[in-house]
Structure formats: C-alpha cells, structure tokens
Number of protein chains: 2
Amino acid sequence: MNIYDIAAEANTSISTVSRVLNNKGNVNPQIRKRVEEALKKYDYKPSAIARGMVSKTMKSIAILTIDVRVTHYARMIYVIEQEFSNQGYNVTVCNTGGSIGECDRYFKILAEKQIDGLVLIGSIFNNLIHYPQIIAQIKEIPVVLANGHVDSPNFYSVLVDDTKAIRTVVDYLLDGGRKNLVYVFDLENDSAQAKRRGFVEGLKLRDVPQPESRVFTAAYGLEGGMKAAEEIIRSGIPFDGVLCGEDTTAIGVMKGLKKQGYRIPEDVAVTGCNNSPEARICEPELTTLDNKPELLGGMCAQLLRDTIEKKGSAVSVAIQPELVVRQST
Amino acid sequence: MNIYDIAAEANTSISTVSRVLNNKGNVNPQIRKRVEEALKKYDYKPSAIARGMVSKTMKSIAILTIDVRVTHYARMIYVIEQEFSNQGYNVTVCNTGGSIGECDRYFKILAEKQIDGLVLIGSIFNNLIHYPQIIAQIKEIPVVLANGHVDSPNFYSVLVDDTKAIRTVVDYLLDGGRKNLVYVFDLENDSAQAKRRGFVEGLKLRDVPQPESRVFTAAYGLEGGMKAAEEIIRSGIPFDGVLCGEDTTAIGVMKGLKKQGYRIPEDVAVTGCNNSPEARICEPELTTLDNKPELLGGMCAQLLRDTIEKKGSAVSVAIQPELVVRQST
DNA sequence: TTGAAAGCGCTACCAC
DNA sequence: GTGGTAGCGCTTTCAA
C-alpha cells in the first residue's frame with residue numbers, strides 16, 4: 001500500500017495525496033475528502049524510509065552510554081527520550097561499555113543511518129579526543145556531551161561542576177566540627193578526577209596540610225567501599241569524615257565501618273554522590289550530592305535540539321550539584 | 001559522496017561498486033582494488049536509508065517499556081540491546097509510562113519506520129488485547145512480550161512463573177517455622193496479580209483457612225511499605241512473616257516494622273521480589289526472588305531474532321524465579 | 001565479469 | 001488547484 005494506490009483509489013495524482021498527507025498547499029475540499037477516505041480505507045502509513053530518502057533525515061537521535069543499567073544514566077536517558085519523542089524523534093540507545101572500539105562501531109552504523117544527533121553520557125567519552133579518526137566518522141552530526149568536553153567543531157557540552165560540589169561538602173563537614181576528612185576515589189574517569197580535585201582544593205583552602213595524603217583509592221561498589229573502610233582504619237590516619245565519589249561506594253564504606261564498631265554519624269560522617277535511591281535505603285540514610293541528572297539530561301536535549309534545528313544554541317552553563325543532608329553526617 | 005562518485009573515481013559502474021561493498025558476486029581483483037581505494041579515499045559511507053528503501057528494513061528494533069529508570073527493566077533492555085547490536089541492529093527505546101495513548105503514538109511512528117521487531121517489557125502491555133485497532137497498526141511486525149501475553153498472530157511471549165515463585169516462598173517460610181504469613185499487594189498489573197494468587201494458593205495448599213483475608217493492599221515503594229506495616233499491625237492479625245510483591249515495598253515494610261520495635265528476622269520474616277541492588281543495601285539484607293531479568297531479556301531477544309529471520313522459533317518455556325535467602329528471614 | 005536500467009515510495013519543482 | 005516528472009542512493013535483474 002503506497003502513495004500510488006491511494007492516488008488511484010481517490011482518482012487523483014500522488015502530488016495531491018502528498019499535499020493532503022503533509023497539509024501543504026491548497027487542495028480542493030472534495031478531492032481532499034476522497035483522499036482522506038482512501039487513506040482511512042486502506043489504513044495507509046507513509047514510508048518514513050522513502051521520506052528519509054528525500055529529506056535526508058529519519059528524525060532519530062542516539063544516546064551512547066556506558067551502561068543503561070546505571071540508574072544515574074537511566075535517569076538522563078529517560079528525560080532525553082521524553083523530550084525528543086515529544087518532537088517526533090525516536091531515540092536509539094547504545095551501551096558501549098566504555099570501550100572505544102564499541103564506540104567506533106556504533107558511530108559507523110549511526111552515521112550510515114544518518115542519525116540527526118548524538119548524546120554521549122559520561123565523562124569517559126572525553127577520551128575520544130585522542131581518536132580523531134573515530135570522531136571523523138561523525139563530523140557531520142551534532143554531538144552533545146553530558147558532563148564531558150571534546151574540542152571539536154560539532155561537539156557541544158553541558159557540564160556539572162563536580163569540583164565545586166565536593167568543595168562544598170568539605171566545607172560543610174569542617175564547619176560541622178569534623179576535623180580529619182579522608183576521600184575515597186573509586187573511579188578513573190574525568191568526573192571522578194574532578195571530584196577528587198575538589199576534595200584536595202577544599203582542604204587546601206582550609207589550610208589542611210598534605211591533603212593528597214588523605215585520598216584513598218578503592219574499587220567502585222559495595223565491596224570496594226568495605227575494603228576502603230578497612231584500609232582507612234589500617235592506615236592509622238585519624239579520621240572522622242569520609243567523602244566518597246559514588247553513593248554505592250559510600251554505602252560500602254558505612255557497612256565496613258559499622259562492622260568495625262564505628263558509629264555513624266557519631267564517630268564518623270560519611271557522604272556519597274549522586275543522590276541515588278540507595279542513599280535512602282541504607283542505614284543511616286546517606287548524606288549525598290544531588291547532581292541533578294534530570295536537569296542535565298534536559299539541558300542536553302535542549303542544546304541538541306537547538307543545534308539540529310539550527311537555532312542559536314543555548315548559553316553553556318555548568319550545573320551546580322546540591323547537598324542533600326541525611327543521617328550519615 | 002555517493003555510490004556514483006565512487007564508481008566515477010574507480011572508473012567503473014555503480015553495480016560493481018555495490019558488489020564490492022556487499023561482497024556479492026565476482027569482481028576483477030584490479031577493479032576491486034581501485035574501488036576499495038576510492039572508498040577509503042573519500043571515506044565513503046553507504047546510505048542505510050537508501051538501502052532500506054530497497055530492502056524494506058533499516059535493521060532496527062524497538063523496546064517499549066513503562067520507564068527505563070526502573071532497574072529491573074533496564075537490566076532487560078541492556079541484554080536485548082547487546083544481543084541485537086551484535087547482529088548489526090539498532091535498538092530504539094520508548095518510555096510509554098504505561099499509557100495506552102503513548103503506546104499508540106509509538107506504534108504508529110515505529111510502523112512508519114518499518115521497524116523489524118518489537119519487545120514490550122512489562123505485563124501492563126497485556127492490556128493491549130482490549131485495543132484491536134492499536135494492535136492493528138503493527139500487524140506486520142513481530143512482537144515479543146516479556147512476561148506478558150496477548151492473543152494475536154504476530155505476538156509471542158516469554159513468561160515468568162510468578163505464581164509458582166511466590167508459592168515457593170510461602171513453603172519456605174512455613175517450613176522454616178513461621179506460622180502466620182501476610183501478603184502486601186502493591187501493584188495492579190498482571191504480574192502482581194499472579195504473585196498474589198501464588199500467596200493465596202500457597203496457603204490453601206497448606207490448609208491455612210481464609211488466605212484472602214491475609215492480603216493487604218499498599219502503594220508501591222518505600223512510603224507505601226511503611227504504611228503497609230502500620231496497617232498490618234493495626235489490623236490486630238497475628239503475623240510473623242510478610243511477603244511483598246516488590247523489593248522496594250518490602251524494604252519499606254521492614255523500616256516500618258523496625259520503627260515499631262519488631263526485630264527482623266527474629267520477630268518477623270520479610271521477603272521481597274526482584275533481587276534488586278537495594279535488597280543488598282537495606283538492613284537486614286532482604287530475602288528476595290531472583291526473577292532473572294537478564295535471562296528473560298536474552299530469551300526475548302532470541303525469540304524475536306528467530307522470528308524476524310524466520311527460523312523456527314524457540315519453544316516457549318516459562319522462567320522459574322529462584323529464592324535468594326538473606327538475613328531478613 | 002561487467003554495466004545499463006528498473007525500481008523502492010516519497011517530496012518538490014514546474015508547467016498547466 | 002492539479003498532475004507530471006525528476007530525483008534521493010541504493011540493490012537487483014538482465015543482457016552483453
């Protein structure tokens with residue numbers, strides 16, 4: 001069932017059927033009615049592919065992310081998908097697992113499909129800057145990085161001020177009377193580095209000597225956090241506050257500390273990052289940073305849409321996370 | 001940069017270029033080499049849209065789900081996406097919010113894009129059976145339901161035996177010495193109904209009188225669970241075991257009970273469903289049912305692929321959830 | 001082994 | 001207002 005069949009049924013030309021379909025140009029009401037009846041009679045659906053052939057777009061965008069199962073990413077994906085689907089776009093989701101090879105594979109296929117735009121979620125994609133030939137594959141496509149930056153003409157950014165956010169936590173804990181803070185650094189990406197930097201800078205601003213020596217490296221997650229707690233204790237360093245780069249790790253740290261008889265928050269304050277659902281489920285409930293993934297997702301969507309539709313793009317503002325104080329501090 | 005440009009550069013015809021591109025038919029090695037050089041020189045990318053025009057497929061499928069942010073769904077989406085992207089397909093994700101109108105909108109646009117297949121995640125989509133005109137929109141497209149069933153020629157199912165699973169929990173608790181079980185029913189979809197049925201059947205099989213009177217209705221989530229705990233206590237019914245349809249609600253129930261001085265598991269056993277990450281984070285850690293979303297997603301992907309590629313489709317087997325015993329029982 | 005040509009189903013232009 | 005027609009960039013068939 002194509003446009004020719006409809007034209008035949010309605011006893012007119014495909015041009016006129018096209019006009020009716022797209023509400024473009026004037027059509028004699030009688031003919032319009034005949035066409036609409038034919039459309040309904042055959043339950044006609046125009047081929048988006050044929051349309052795309054002419055218009056050079058299938059009205060679809062793609063989101064690349066390390067892993068949809070990470071709630072923090074899923075929250076952004078949700079917002080972006082809703083925003084674009086409201087505009088008639090479809091959203092393709094790609095799990096790259098953080099592998100540059102996977103990224104390359106996806107870029108190739110997405111470029112062939114002439115996707116209208118791309119959102120890359122996670123600062124891991126900053127690494128792309130070292131692979132110009134991979135970037136070259138999508139040089140025609142506007143790309144927005146969520147909390148990342150790549151210096152390339154078609155790449156745009158929405159940033160989260162992770163450094164400042166962690167500085168805020170440092171101040172909050174020191175102002176609350178804690179004396180000896182330590183930091184658990186649990187991921188290697190640029191965002192994690194920025195957080196770590198925030199910790200070090202925050203301590204420096206408060207004249208704490210040798211802040212670097214107060215950073216512990218751990219594996220991400222519950223187990224990683226528990227191990228980190230052990231290590232901190234074992235190090236012999238005095239501590240009454242533990243800042244973590246991720247909620248899950250922070251929860252592990254709390255578990256580990258409690259197991260060793262520390263009371264939270266009486267003996268030690270613990271903070272996380274991401275304001276995940278888990279932060280409300282652990283005991284005590286976790287003080288954490290809300291880095292506003294919905295806002296971030298919304299701004300990425302907005303920026304990408306403006307770029308695709310060639311409106312002057314929005315001014316680039318960094319998102320400021322907010323401290324959510326709960327019982328762990 | 002299209003196939004004509006390449007043909008011109010390589011001094012041959014587009015037919016030959018096409019043969020080289022698709023590795024079909026024999027090509028003189030010399031010409032092949034010229035073509036390959038031209039391909040590389042111009043960094044040529046075939047247009048998937050033009051290809052789709054001829055082949056009637058863009059090699060893409062779509063997943064409809066209530067909400068990607070639900071971890072349980074995200075886990076299935078991940079597996080399905082990986083499976084299909086390995087086969088060169090792209091995966092479009094659609095958040096319907098459980099609204100039939102949204103579903104209709106997505107179906108229309110996906111049908112126009114001639115998507116190759118559809119996975120519907122969540123038993124909420126069982127409701128589609130009441131909307132034949134919506135189903136009609138995708139009558140050409142193979143559809144797989146994850147834990148759902150719709151009686152229509154192009155619809156296929158992979159089921160989870162929720163009823164049996166909850167019966168297992170009932171037996172486990174009774175065998176463990178618990179005497180008075182109650183059930184917290186927190187969602188309205190078919191899967192939730194099946195679980196509730198499992199509870200009632202389970203008690204009947206053990207000759208417990210009036211099992212229906214032991215079912216409490218609650219709102220989903222932490223707050224819902226806490227309220228449910230209050231209600232159970234207020235009802236005056238004796239109880240030493242609470243089964244819940246969802247982990248998050250179960251965690252709320254535990255919180256509520258603990259607040260009223262009940263010890264878990266000493267005074268009351270609590271169980272959830274889904275084996276979510278949260279079940280390992282709450283205290284005590286939650287005994288729950290692992291309903292194997294990865295397996296379910298994998299089987300859906302397999303079934304859909306077989307159907308799309310018209311291989312004899314796999315036998316329909318129901319997935320059996322497994323009890324994960326932790327400290328809450 | 002190669003190339004010419006006919007489509008795929010649409011949109012957009014132009015002539016009437 | 002309307003309809004004919006030229007593409008869009010491929011794949012596939014058929015003849016050479």
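So you know, we letter chains A, B, ... as the sequences are listed, proteins then strands, and number each from 1.
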Distance in Å, B/M299 CE paired with B/L159 CG, rounded so as to fall on 0.5 Å steps: 9.5 Å
If you round to the nearest 0.5 Å, how far is CZ of B/R51 from CE of B/M58? 11.0 Å
Rounded off to whole Å, could you give me the [atom1]-to-[atom2] distance for the [X] and [N] pair?
{"X": "A/I49", "N": "C/dT11", "atom1": "CD1", "atom2": "C1'", "value": "16 Å"}
{"X": "A/M58", "N": "C/dG9", "atom1": "CE", "atom2": "C1'", "value": "13 Å"}
{"X": "A/M53", "N": "C/dC8", "atom1": "CE", "atom2": "P", "value": "13 Å"}
{"X": "B/R32", "N": "C/dG3", "atom1": "CZ", "atom2": "P", "value": "14 Å"}
{"X": "B/E112", "N": "C/dC10", "atom1": "CD", "atom2": "P", "value": "10 Å"}
{"X": "A/R51", "N": "C/dC8", "atom1": "CZ", "atom2": "P", "value": "18 Å"}
{"X": "B/K56", "N": "C/dG9", "atom1": "NZ", "atom2": "C1'", "value": "7 Å"}

Heavy-atom donor-acceptor pair, [X] side chain to [Y] backbone, under 3.5 Å:
{"X": "B/N147", "Y": "B/G122", "result": "no"}
{"X": "A/N95", "Y": "A/V68", "result": "yes"}
{"X": "B/N22", "Y": "B/K24", "result": "no"}

Between A/K113 and B/N90, does any side-chain donor sit less than 3.5 Å from a side-chain acceptor?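 Their side chains do contain a donor-acceptor pair, which is all the 3.5 Å distance test asks for.
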Reckon [X] touches a base, only the sugar-phosphate, or nothing at all at heavy-atom distances under 4.0 Å?
{"X": "B/I14", "answer": "base"}
{"X": "A/S55", "answer": "nothing"}
{"X": "A/L21", "answer": "nothing"}
{"X": "A/S47", "answer": "sugar-phosphate"}

Has B/T12 got a side-chain N or O lying under 4.0 Å from the OP1 or OP2 atom of C/dG3?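 Yes, B/T12 has a side-chain N/O under 4.0 Å of OP1/OP2 on C/dG3.
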Of A/S15 and A/P29, the one whose closest DNA chain D nucleotide lies more 5':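 Counting from the 5' end, the first nearest nucleotide belongs to A/P29.
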Between the side-chain atoms of A/Y4 and the base atoms of C/dC8, is any donor-acceptor pair under 3.5 Å? no
Please find the earliest and latest nucleotides of DNA chain D, in the 5' to 3' direction, that have an atom within less than 4.0 Å of any heavy atom of chain A. D/dG1 to D/dG9
Could you pull out the protein-nucleic contacts involving nucleotides 14-16 of chain C (nitrogen or oxygen on both sides, under 3.5 Å)?
none

Lys/Arg-Asp/Glu bridge criterion (N-O < 4.0 Å) met for [X], [Y]:
{"X": "A/E294", "Y": "A/R75", "result": "yes"}
{"X": "A/R305", "Y": "A/E309", "result": "yes"}
{"X": "A/E37", "Y": "A/K33", "result": "yes"}

Write down the atom of B/I115, the atom of B/L118, and the distance for their closest heavy-atom approach.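 Shortest heavy-atom separation between B/I115 and B/L118 comes out as CG2-CD1, 3.9 Å.
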So which one's nearest nucleotide on DNA chain C is more toward 5', B/Q114 or B/T16? B/T16
